[in-house]
Structures are given as structure tokens and as C-alpha cells.
Amino acid sequence: MTSESVTEGHPDKLCDQISDAILDEFMSADQYARVAVETMASNGVIVTAGEVTSGFSIDIESVVRKVILAAGYVDFSSGIDPANCLILTNINSQSPDIKTGVDTKPGRGTGAGDQGIMYGYACDETENLMPLTIELAHRLAMRLAEMRKKREIPYLRPDGKAQVTVEYDDKGRPSRVSGIVISAQHEQNIGIEDLRDAIFKKVIIPAIGNERIDSKTSVRINPTGRFVLGGPAADTGLTGRKIMVDTYGGVARHGGGAFSGKDPTKVDRSAAYMARHVAKNLVALGVAKRCEVSVAYSIGMPEPEAVSVDTFGTGMMLDDEALSRLVSRLFPFSVDGIIEYLGLREIKYLPAAIYGHFGRTGANFPWEEIGAIPF
């Protein structure tokens, strides 16, 4: 299995952060704001567009510039200039045809903002019940950013990616790390061997651990030999283009759409959070070693079309059909039920936009909480 993660300076992740920062600003002023904002980042240009229905307005340009600066970009030479880049905005109201289906009506709750299938996943490979490959990839990306911010590797710049390949034994358990790839943006005139030595010693070893690496592990650091031009100056970024980084690293399915920039009436986001919450709790309780929860919705309908559980043959108490029925009874899957159960109108979404929406120790995301399931 192979998974990748990226730093907050990666162009796609920069766009995710901008979209979620705009969402947070609107929801801070109006908890019931309907928000669907997309961002594109290019060479010296940031474009935000989408649909917002709210009685409040915000200073979008100020929000964008703050996010760019927080991601580590200080001027054009680093990838984009937060003070002088061009910011274009085109925000419209939510389509009335969609709005009429989502609006709460007498006798029924809020309708789903779209149709689709959302998935949640958990497994017992790690303490936070995430696949080991994405867990290690996130650790590498976070460590890369930490070394830049603390200036322990002072010539690093904001853009970066990490990839980890893990071999599994015949019982399906992780056995060793067979491959690591890191691409880190850096300043001019840095010797490639010095860069590789610093990243191996200060990023890879602390993040992965000596016990997981052996003499046959392939380690590739900046394989092209040079990564000076980065960020939006080198690569166009788009909201929602790193959905496997956001979820399970490709180990589990991802349905619906992307998360960032969407308020919780969009089940692409809220139902995926709920599905992860249920799957994680089932694995934590010992009901299964691996678990996937899927939920399907019809646009405008408050309740899901279907809820199902797949334990991949690792279930220890009930079969999957019985688990699906039980989960449907014990957990709320209506749009309003999810929002209330997880408190999705009261949280900040920007922290979830980098290093994954799931398995984040210390992030205090409500969908990651574990509690007793009343069987």
C-alpha cells in the first residue's frame, strides 16, 4: 500500500485552506450560512468563486492574504506574494432550485445539499485507527513543515510532498516500510547531498523511526535533484484535488466530493465525517478489525437512502447485515441529526484542511471522539 501527504504550502492544499478559512468567517458571523466556495491558485493570482447565502458579508481578500502568509509564503520568490498577488472573487447566492430542497420545512428537516455516496473507514493498524501508510505520510509532511518553521532546516520553503509504501504480511498486517519519497522545496544554492542528509536525519528518522526502516528500504529525497520554484508559481492549485490526502490515502474508498469550503448541509462533508465516526467507534469497541460505513443520499431529502457496514470479514460480534441495521438505529444520519450530533455549526474547519480530516491526534474534531455504543 502506498499513500501520500502534502504540506500546507502545496498549491492544492493552499486552496483548501483558503476555502475553509472563508467558510469559517461566514459561519462565525452566521451559523446557518450556506457556503460552497472553490479556490484556484496560479502564478501571482488567487481566484475564489462559489455560492454563499447569508445575511452577512466578509472581507474575502483579507482572509485570502492571511492564509497565504500563514502557509509560509512571504514573497514571489517563495511561490506567491501574499501582499501583492491579484485576488479575484466571484460569489453568487445558492441556486434557488437547490435551496428549496435544502431549506427546512414544516414536518421535515433540512434536506441534503446534494446526492451521492459517502464513506467512512477505520482499522486497527494505528492508535488513531487509520491506515499506517497515510499516518506515516502525514507524519513526514508535518515534520517537513516543522523543520521549516523552526528553521532547523532553514533553507526549506513551503511546498512539499511525502509518500510512503508499506509491505503487508500474508495476514494483512504491516510488516515493513519499503519505500519513502520526499520532495521538498528549497532555496537556491543548496547542495543536493546536504539537503538529502538533513531531511533523512531530521525528518525521516524522527517521523518514521529506525525500527520501520531497513537496508532494503528505498529512500528518495528530491529525486529530480532540484525543487526551487514551487507553490502557485510552479503549479496551479485547486480546492478538492487532494481528497486522498484528506481521507485514507487511497486505502479506503472516497465517495461524494471534496470537503473544503462546504458548510455542513453539504453531506459530501458532514456524512463523511459521520461515517468515519461510526466506523472508528466500531473498531475501537472491538466489533471489527477493519470497518467501512457507507451512506447514500438524494438531493433535498433529509434522511439517507441507505446505510451499510462492511467489516471485510473481520467482524467479531455481528454479521454486516445486522451491524448495518443496528448502526442505522443507534446513530443519526439525517442532515440535521448529523449536524447536531457532531456540533458541526460550532467548529472551525480550517484546521482540517491540512494533514487530513481524520485520525488527527489532539485536533479535537468531534467526529474523532470515541464513546460507548449502547448495544
Exercise. Should side-chain heavy atoms under 4.5 Å link Ile, Leu, Val, Met, Phe, Trp and Tyr, which residues sit in the same cluster as I117?
Worked result: Y119
Problem set entry | Donor-acceptor under 3.5 Å (R196 side chain, N222 main chain) | yes
Could you list the donor-acceptor pairs under 3.5 angstrom formed between side-chain atoms of residues 38-46 and any protein atom two or more places apart in sequence or on another chain?
| from | atom 1 | to | atom 2 | distance (Å) |
| --- | --- | --- | --- | --- |
| T39 | OG1 | S19 | OG | 2.9 |

Problem set entry | Single hit among R290, R276, K280 for side-chain hydrogen bond (donor to acceptor under 3.5 Å, both in side chains) with Y121 | R290
Problem set entry | Under-4.0 Å salt bridge between D20 and R269 | yes
Exercise. Around K201, counting heavy atoms of other residues, nucleotides and ligands shown, do more than 12 lie under 6.0 Å from its NZ?
Worked result: no
Exercise. So, N128 side chain and R360 main chain: donor-acceptor pair closer than 3.5 Å or not?
Worked result: no
Exercise. Which atom names give the shortest non-hydrogen contact between I182 and L140, and what distance separates them?
Worked result: CD1-CD2, 4.0 Å
Exercise. Any side-chain heavy atom of Y349 within less than 4.5 Å of one from S260?
Worked result: no
For this session: Write down the atom of R148, the atom of E8, and the distance for their closest heavy-atom approach.
Result: NH2-OE2, 4.0 Å
For this session: Inspect the surroundings of CD in E346 and state if more than 12 heavy atoms from other residues, nucleotides or ligands are less than 6.0 Å away.
Result: yes
Problem set entry | Neighbour count >12 (heavy atoms, 6.0 Å) for atom CD, E321 | no
For this session: Assess whether atom CD of E340 is packed by more than 12 heavy atoms of other residues, nucleotides or ligands within 6.0 Å.
Result: no
Problem set entry | Set of residues satisfying ring pair (Phe, Tyr, Trp, His ring centres under 6.0 Å) with respect to F365, sequence neighbours excluded | W367
For this session: Give a yes or no answer on whether the side chain of D246 reaches the backbone of G356 with a donor-acceptor pair at less than 3.5 Å.
Result: no
Problem set entry | Pair D263 + R34, salt bridge at N-O below 4.0 Å | no
Exercise. With a 6.0 Å cut-off on ring centres, are F259 and H254 close enough?
Worked result: yes
For this session: Report, as yes or no, whether the 6.0 Å neighbourhood of atom CD on Q115 holds more than 12 heavy atoms from other residues, nucleotides or ligands.
Result: no
For this session: Quick one: sort the Y273 and F358 rings into parallel, tilted or perpendicular, breaks at 30° and 60°.
Result: perpendicular
Exercise. Is there a path from I190 to I204 through hydrophobic residues (I, L, V, M, F, W, Y) whose side chains come within less than 4.5 Å of each other?
Worked result: yes
Exercise. Do K242 and D16 pass the salt bridge (charged side-chain N to carboxylate O under 4.0 Å, His left out) test, and can you show the C-alpha distance, the side-chain angles, and the key distance before you say yes or no?
Worked result: CA-CA 9 Å; K242 284 290 175 285; D16 286 343; over 6 Å; no
Exercise. Do the side-chain N and O atoms of T48 and T89 include a donor-acceptor pair separated by under 3.5 angstrom?
Worked result: yes
Problem set entry | salt bridge (charged side-chain N to carboxylate O under 4.0 Å, His left out) between E292 and R253, worked out | CA-CA 9 Å; E292 179 187 79; R253 290 184 285 185; 2.6 Å; yes
Exercise. Is it true that L23 and L342 fall in one hydrophobic cluster, defined by side-chain heavy atoms closer than 4.5 Å?
Worked result: yes
Exercise. Any idea which heavy atoms bring H357 and E368 closest together, and the distance?
Worked result: O-OE2, 4.4 Å
Exercise. Should we say atom CG of N92 is surrounded by more than 12 heavy atoms from elsewhere, each under 6.0 Å from it?
Worked result: yes
Exercise. So among V37, I18, V52, I91, which one has a side-chain contact (heavy atoms from CB on, under 4.5 Å) with I60?
Worked result: I91
